[in-house]
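Structure, as structure tokens:
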Amino acid sequence: MIVLNVMIVIFLIVAALAIERTKDLLSAVIIFSVYSLMMSVLWLILKTPDVALTEAAIGAGVTSILFIAVISRTQRYEK
Amino acid sequence: MIEQLPIINLILLLTTALVIPLFKKQRFMVTLILSFVVLFIVWLSALYLLYHVNTTGAFYYRFGGYSPTIGLELLINPFSALFTFFVITLLMIIFIYSTADASDGIHEREYGRYYILMFILLFAMFGIIYTNDLFNTYVFMEILSITTCAIISIKRKKKNYAAAFRYVMLNEMGSLSYLFGVALLYMVTGYTNIELVFQGVQDVWVIYPTNIIIAAIFMIVGLGLKAAIFPLHIWLPDAHSAAPSSSSAILSAIVVKVYLIILVKVLFSVFGITIIEALHIPSLLMVIGAVGIVMGSFFAIAQHDIKRMLGYSSVAQIGYIVLGIGLASSLGLRIAFYHVFSHGIMKSVLFLSVGAVIYQRNLRKVTAYNGIGYMMPLSIGMFTLAALGMIGIPLTSGFISKFNLGIAALDGGQGIYIIILVVSGILNAIYYLPIIIAAFLRENPENQIYVSKDKVPLLMIMPILILGAFIVIIGVYPAIIFDLVDSAVSTFSF
Amino acid sequence: MKKPFIMLMFIALFVVLVINIMRMPAGLGTDSLSYNDATEHYIQYSAEETGVTNIIAAILTDYRAFDTLGETIILFTSIVAVISVLRPDKKPENEGRVSHE
Amino acid sequence: MNLVNDILAHVNFIGAMALFVIGLYMVVTHSNLIKRIMGINIMGTAIFYFFIAVGNVEDGAPPLLDPDGNALTFINPLPSVLILTGIVVVVSITVYSLSLVVRIYETYGTIDQKEMAQIEAEDDD
Amino acid sequence: MNDIIVKSITRLVIPFLQLYGIYIILHGHISPGGGFSGGALIGSSLILYTLVFGVDRAQKKFSHRVSEIAESGGILLYLFVGALGIALTGNFLSNKAAGFPLGELGSLLSGGIIPVLMIGIGIKVASTMITLFHVLIQEESQ
């Protein structure tokens, strides 16, 4: 289990850095959604199913949709 | 029944906020009357609680009857009762003003929403002051930050959006830093209740000092951001000058103070005097406060917009309170609390009288105040009184603050800070006096043109006069406040 | 010029945080500092005191229900705030007082 | 070898710290408003992750009691509760800031902090 | 969006999503989940409806007035249950101390006020999510 844990942590850090680097906001949001989903998987591994469920529904689902809704009304690219 | 009073207050405030949207838009008067009735009831019960805790002692309110290890509790002691009373009194007076001046940039359709936000704001401040739990404080802090930002952005101007965004970002960074500190403390103590965390921290301090240090730094920086302590004040002038006048008064006089109150709680109730003395936080706070006093005044001198000037003046005045907290003695804390009152009242008078000028003549430039002293004698008269208080002229509450702060500094062996107090008085005079002199001694025929309203309504003048009277009353008889403040200070052990 | 410096500051912050956390004991499980009498109480008595099997639900809506109330209020406030920002103005913009700044 | 074991034992804490610092870096340095909001979200999840790592117990079970009364070693339930509240809080703040972003784009024509500052400076002249 | 496949699949999926959300809310006290996750699920099912069929049709189904009542109502329910605790000689938000029946451990009808509060939270979260989404995507000109 520890191997999976370490892998997900590395993935999360890489995803966070990717969000920081990406100039295309839409891609950043999609990476963010994946990041949230991986986070909820990690929390499932750490035996907190309630929080994982909430994070999957709210963090990965609703937040990303709201981000996309706003990006569609504003700019897509960061300068 | 008395034990239920604090929670009944909270429920009343919240229910009012929830019921307002259910009214039809035309029934605006119903909303107003309801608001006043509720505010008055809450004010009465806050007054009664203040009397009660000062005569029979502090008590806890435990949700669901669970013990504090597992549940949540409110702590009603002289400290929290005093500050809830302060909050509700000042807010009620400003509220009277806002009923007449709600039009300052707020769209008619937003009135109802504005009052909802007001009640939630009050609810959150009551909750923060009463609660005895670190995480509960975080939750209320978030309610407070989102409401204050919404009050700024409700005035639909370009600058308000930018100011609100900046504010919400820094606020959120502050809250999350605070939460991170709570997480670090939770890691070593296993509780979120303030008293239990205090005991845990004292035990753990020997074993894991670095953890406590980092938690303390994160919590203090987070709260400092929200309370606009000097180097972290960048959001304040924008936010406070962009808000509607009555809200500027609320933000500057009350909301910022609430964060300072949490800071006091965190410093003296969570970490305790021994740990913060060991970390040299008090002396650091004193230096920060002193620098803030001077720099805030310097920035204020450079401003052209009067509301921005008042905002920077708040940064300087927060410096006094931080200096008082940093003395870390009962004398210092006593004067810090007194100055919370004194500054709260003076700054509301300043913002409200400027609001009256903006309401009648729409003047925001500092240089445009020539000769309006004779056209609006009451508002500008009260402005003058409050400005003299800020400078520290005797017979005003500002003088009492400065005088006692000097004594407290001498008592703590920090006599050097008296120089700061004198310098700050001079700097305050540099930016307030020209406005007053120009208002009464210079003439400017142009100002006649910009009259947009014939008269300032009585509902706007009355609160200014009442608060102005308070400046003199607590300046001449400071014992009224000091008696209450002393019992509040006695809840912290030194 | 400015950016590498800021980055360095953040790396320093990270190093400090990691050094601190490495000093803390980890993997102690039920012996760790935060696993205390409150936790034991939740696990042992929540069935008896609240009658539910999901301990998280018991804490969320019974022991610490006031927190949850605060959190629903945040949702309510956010709705009020968002609507106050985004609800379209039906009337034209230039009504009211004219600014002469 | 000792160090590797130490790191492995603390991996969740270290990950949380790294994410917290990355989030903070994003909020502080980026001038794009949406990126800053994402930074706030990353900071938030990092703190929640830290809480969960604190409450985690090796070989523990999720805090669900067995109605039949079988005793198990459970993880610490309190951090989960705090986080459930925290997630919703961060979402509310996110939504509110996003609505401000929409308005800022309509009034300023940009969602970049530096360009906004320029426009404000021009307005003041 | 005028894709017949998307529309029919959405029509097919949404009832299940909502049913699952309701299940999670109602079983919040005996299994993982609860008001937040269930409410967010129902909210996202409505968001899906809005994405596929457009804001106008979605707002007919879930009008502004309904959402206002749901938002205030969710919290008012919470407050009412809490205040019952005071009335029944307990403290605010008391459960067992105020004498609410706890029921049998592990059954659906157990836990006194807990399921009621969960329902209140679920209503609140679902309506908040959908209202926020509608407000965010509506254009100024409408």
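Since the model is a prediction, treat every value here as computed from it, not as a measurement. Order of the sequence lines sets the chain letters (A, B, ...), proteins ahead of strands, with each chain counted from 1. We use all heavy atoms of the structure for the numbers below, so side chains are in, but hydrogens, waters and symmetry mates are not.
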Side chain to side chain, C:S78 and D:V95, heavy atoms closer than 4.5 Å | no
Side chains of D:S92 and C:T77: closer than 4.5 Å at any heavy-atom pair?
-> no
For chain D, the option from C:L17, C:I56, C:V52 that forms the most heavy-atom pairs under 4.5 Å | C:I56
Counting heavy-atom pairs under 4.5 Å to chain C, which of D:S80, D:A18, D:G55, D:G86 comes out on top?
-> D:A18
With chain C, which of D:L64, D:L98, D:V89 has the greatest number of heavy-atom pairs at distances under 4.5 Å?
-> D:L64
Separation between [atom1] of [X] and [atom2] of [Y], rounded to the nearest 0.5 Å:
X: D:T29; Y: C:M7; atom1: OG1; atom2: CE; result: 7.5 Å
X: D:L82; Y: C:I59; atom1: CG; atom2: CD1; result: 8.5 Å
X: C:Q44; Y: D:L65; atom1: CD; atom2: CG; result: 10.5 Å
X: D:L19; Y: C:F14; atom1: CG; atom2: CZ; result: 9.0 Å

Applying a strict 4.5 Å limit to non-hydrogen atoms, the region of C:F10 in contact with chain D is both
For C:M9, is it the side chain, the backbone, both, or neither that has a heavy atom closer than 4.5 Å to a heavy atom of chain D?
->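 Neither part, no heavy atoms under 4.5 Å.
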Is it the side chain or the backbone of D:V91 that comes within 4.5 Å of chain C heavy atoms, both, or neither?
-> neither
Toward chain C, the part of D:I7 with a non-hydrogen atom under 4.5 Å = both
Contact summary for [X] and [Y], nearest pair of heavy atoms:
X: C:V82; Y: D:Y96; value: CG2-CA, 3.8 Å
X: D:R103; Y: C:L86; value: NH2-O, 3.3 Å
X: D:V88; Y: C:E71; value: CG1-OE2, 2.9 Å
X: D:S99; Y: C:V85; value: O-CG1, 3.8 Å

Okay, side chain of D:H10, backbone of C:M24: is any donor-acceptor separation there less than 3.5 Å?
->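 Flag set: sc D:H10 to bb C:M24 pair under 3.5 Å.
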Without swapping roles, check the side chain of D:N76 against the backbone of C:S34 for a donor-acceptor pair under 3.5 Å.
->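 Side chain of D:N76 to backbone of C:S34: a pair is present.
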Among D:L78, D:I75, D:V57, whose side chain to side chain contact (heavy atoms under 4.5 Å, CB included) with C:Y35 holds?
-> D:V57
Side chain to side chain contact (heavy atoms under 4.5 Å, CB included) with D:V21: of C:V16, C:L13, C:I11, only one passes, and it is C:L13
